[in-house]
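Worksheet for the structure shown next.
In what follows, every chain begins at residue 1, and chains take the letters A, B, ... in the order their sequences are listed.
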4 protein chains.
Amino acid sequence: MQSRTPASRTGRPRSAAADAAILAATRQALVELGWSRLTLGDVATRAGVAKTTLYRRWAGKHELVVDAVAELFDELQLPDRGSLAADIEGVVLQFAAILARPEAKSGLMAVVAESTRDEALRERIRASIVDRQKRLVLEGRARAEARGELPPPAGPEEAARTVDLIFDVVAGAVVHRTLVSAEPADEAWVRGFTRVLLGGLGAAST
Amino acid sequence: MQSRTPASRTGRPRSAAADAAILAATRQALVELGWSRLTLGDVATRAGVAKTTLYRRWAGKHELVVDAVAELFDELQLPDRGSLAADIEGVVLQFAAILARPEAKSGLMAVVAESTRDEALRERIRASIVDRQKRLVLEGRARAEARGELPPPAGPEEAARTVDLIFDVVAGAVVHRTLVSAEPADEAWVRGFTRVLLGGLGAAST
Amino acid sequence: MQSRTPASRTGRPRSAAADAAILAATRQALVELGWSRLTLGDVATRAGVAKTTLYRRWAGKHELVVDAVAELFDELQLPDRGSLAADIEGVVLQFAAILARPEAKSGLMAVVAESTRDEALRERIRASIVDRQKRLVLEGRARAEARGELPPPAGPEEAARTVDLIFDVVAGAVVHRTLVSAEPADEAWVRGFTRVLLGGLGAAST
Amino acid sequence: MQSRTPASRTGRPRSAAADAAILAATRQALVELGWSRLTLGDVATRAGVAKTTLYRRWAGKHELVVDAVAELFDELQLPDRGSLAADIEGVVLQFAAILARPEAKSGLMAVVAESTRDEALRERIRASIVDRQKRLVLEGRARAEARGELPPPAGPEEAARTVDLIFDVVAGAVVHRTLVSAEPADEAWVRGFTRVLLGGLGAAST
DNA sequence: CGGTAAACGAGACGGTACGTCCTGTCTTGAT
DNA sequence: ATCAAGACAGGACGTACCGTCTCGTTTACCG
């Protein structure tokens, strides 16, 4: 994932096990120490690896954590629950469950913070985490259209704009609820949120 | 703001000018260096203040940045533009404008990241930034009810829950758009967002 | 002693008790902490005095300790024990007893060390400690001459040279024994030293 | 010298050049700044070395200066000048010449002062400086006995006691003359001192 | 199978920032 | 004017990590 395929033919090949051990150690350290106290020397020790080995693969703390956290989100799925509302509730709950894990909480916002001044890092985050999960919105939308719950988009450009907007609203709301408000995004909250998302503010307090 | 009112009568009183100079220097450093390269020694130098003075008032980088960033959000207002949609668009645009400033971007997510492991820091963020701005939601809601655009809440508990939900959705969406998607939350986007917020997903692509 | 007689008539007069309290606190701190860990803030606190008061009277740590230690040596006396050898042994034992006290040990060498680069400090040490005790050598010599144990000096210049030499030998030997060799300058050692001083190396091992 | 032979086989070996550079820089700083203004950060900079490297080898300012100063005394020799008096005068003059150098003056008394409260430091001083130079007394004594100028000691214990005594008298007198009296231990003074040392006080004023 | 070249562990390195401590000065209100 | 109290600018402390480097060792491939 992080390898830039050095394309060398000779010499000892890089240990594949080391990569996995390092990422696992990174997540473990995030759980125990959080972002700010996590050090690469400690990660290397936990992984049973020399610091050199770690730096040969990742440029720094931020890049490493992006990769370590990205793996967490790959388990997201969009189960077919029969209606758009149920589908949304299902995937939002999954997303909230991942965000509730300390290894995600600690690391995610920190790399986002840093990405405001580091274009390459932002690209890495987008490629590894954000864009990869937009598939869920696309799939959900397609299903809703098939069911007749939503009208088809006016055009491809309109479609892309809508997907981005929905993703910002959904991901943003869950993140804000979990990290800033620091309240659980539990079933009750998710139901309320889905109602607003589908019906607008007027539907909020029913 | 950060002072825990040491209430000492004797001795030389703390310089009020130092506080303002430090917070201003912090914002300047955030603009020039970003969060990760900002150092307290540098902030002290910029403020023309000894490191000691800085540490006498703030416990660390995180606390300092919370206070420095919090001041940015105090300029938010809710102008009466005649309709709920227009009011929302107005305040969201203001919010987006503040978040677009580098001193807000760099610092805000970093302290949120740290707050996932530091309960006191989270409280400080909530008190200094989040709760202070919920007034906007309350005011907007009251106006909308007076205009008949929204029904009154079912009860006080219901009202609080709705305010929190709306705040999470609005703030979360703007933050995600600005920092994660890294696209401008401009007028077009805000119009689209407001339409969804008021009318739900079905109204998105009209 | 340290006062430069500010000769001011008006205002609140300086507290005389403060001087004694500060010097006593300095010696106590020397005993408990030694030279390097002694701080003026701590001394002021022990003396129940503000730091300002301390700095109004002494220029710094070195000057303060010189005065605090100098008082220790003022109790030296030259009792008439009937012979030059006995007189020497008596005063050397007294000198050794003072040097064995931690408040003298800790401070004395430190100010001497600093005095190698501070002419004013050296003068203060000489005036407060060294020259003040040369009286003992003068008195001892006079007694020995009266008893016929030593011939009178060839002249005043010769006399001064001899006094200085003897002082360097006696004080130097005791200091070196106590602080560098870190062995007690007890009666046995003092007897051996006196034998050498009076009779030369050939008499050492009798 | 300061290395406690960590005996590690793996890893990058310690730079031998760094040790020499640090000790030389320490002496240079002692000359220019004296003991109290010497800082380890400055020494590191002068030596072209990181502070870390310095602290990896020495525990602090005192230990470092002991080693830096100790090297100065290793050049002492006992030239055979034909008589005990001449031998003593020769070595005392050499000793005085070293003590006259600012890098020795500034540092030596300071570490002795600290050693009164630090047993390990005292041992280091004794091992690195004092005991190493007692060879001079032993050699001089042996020569004098061979020449018939001094009687052989009564026994091994007596011999050791005498060596220590002579060392305290010689070193103490020169140190006191140089640092406390702050007068040069020049040829005239050394002649007078040697006369007293060999013949006792009665021989002083001839 | 033996040589070669890269990866590996270990840990020293130059460097930067940390948060604390002390110095010597100052500013307050009270004496 | 002096005092107690304590904030202040400044600077050194000793520690912790960073990211690089230099070792000696291991391990795959390639001739």
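Rounded to whole angstrom, the span from the CZ atom of B:Arg14 across to the C1' atom of F:dA9 amounts to 16 Å. Distance CZ (C:Arg46) to C1' (F:dA4): 19 Å, rounded to an integer number of Å. Taking atom CG on C:Leu54 and atom P on F:dT2, their separation rounds to 15 Å, with Å as the unit. E:dT23 atom P lies 11 Å from atom CG of C:Leu64, rounded to whole Å. Atom pair A:Trp58:CH2 and F:dC18:P shows a separation of 15 Å (rounding to whole Å applied). Rounded to an integer number of Å, the gap from A:Tyr55 OH to E:dG11 C1' is 14 Å. In this structure, CD of D:Glu63 is placed 14 Å from P of F:dC13, rounded to the nearest angstrom. Put simply, CG on D:Asp19 is 13 Å from P on E:dA12, counting in whole angstrom units.
The distance from the CG atom of A:Leu23 to the CD atom of A:Glu71 is 5.0 Å, given to the nearest 0.5 Å. Interatomic distance, A:Asp19 CG to A:Trp58 CH2, rounded to the nearest 0.5 Å: 4.5 Å.
Remark: D:Ala29 pairs with D:Leu33, D:Leu38, D:Asp42, D:Val43, D:Arg46 by the side chain to side chain contact (heavy atoms under 4.5 Å, CB included) rule, at least two apart or across chains. A search for side chain to side chain contact (heavy atoms under 4.5 Å, CB included) contacts involving B:Thr45 returns nothing, not counting sequence neighbours. Partners of B:Thr52 according to the side chain to side chain contact (heavy atoms under 4.5 Å, CB included) rule, which considers only residues two or more places apart in sequence or in another chain, are B:Ala50, B:Arg56. The salt bridge (charged side-chain N to carboxylate O under 4.0 Å, His left out) test applied to A:Glu63 returns no partner, not counting sequence neighbours. The side chain to side chain contact (heavy atoms under 4.5 Å, CB included) search around A:Arg117 returns B:Arg37, B:Ser106, not counting sequence neighbours.
Using a 4.0 Å heavy-atom cutoff across all strands shown, B:Gly60 reaches no nucleic acid atom at all.
Legend: side chain to side chain donor-acceptor pair (under 3.5 Å) pairs involving residues 107-116 of chain C, not counting sequence neighbours, sorted by first then second residue: C:Glu114-D:Ser36. Within the structure, the ring-ring contact (aromatic ring centres under 6.0 Å, His included) test picks out the following pairs touching residues 11-47 of chain D (sequence neighbours left out): D:Trp35-D:His62.
Checking the phosphate oxygens (OP1, OP2) of F:dG14, no side-chain nitrogen or oxygen of D:Arg56 falls inside 4.0 Å. The phosphate of F:dA4 (OP1 or OP2) has a side-chain N or O of C:Thr53 nearer than 4.0 angstrom.
Residues from residues 31-45 of chain A with heavy atoms under 4.0 angstrom of DNA chain F, sorted by number: A:Thr39, A:Leu40, A:Gly41.
The listed nucleotides are F:dG19, E:dC13, E:dC8; the one nearest the side chain of A:Lys51 is F:dG19. When distances run from any side-chain atom of C:Arg57 to the nucleotides E:dG9, F:dG14, F:dC3, the shortest one goes to F:dC3.
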I'd like a table of atom pairs between the protein and nucleotides 21-24 of chain F - only N or O on both sides, under 3.5 Å - with the distance next to each one.
from	atom 1	to	atom 2	distance (Å)
F:dC21	O2	D:Arg12	NH1	3.1

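Residue-to-nucleotide proximity on DNA chain E shows that, of B:Ala59 and A:Ala50, the 5′-proximal contact is made by A:Ala50.
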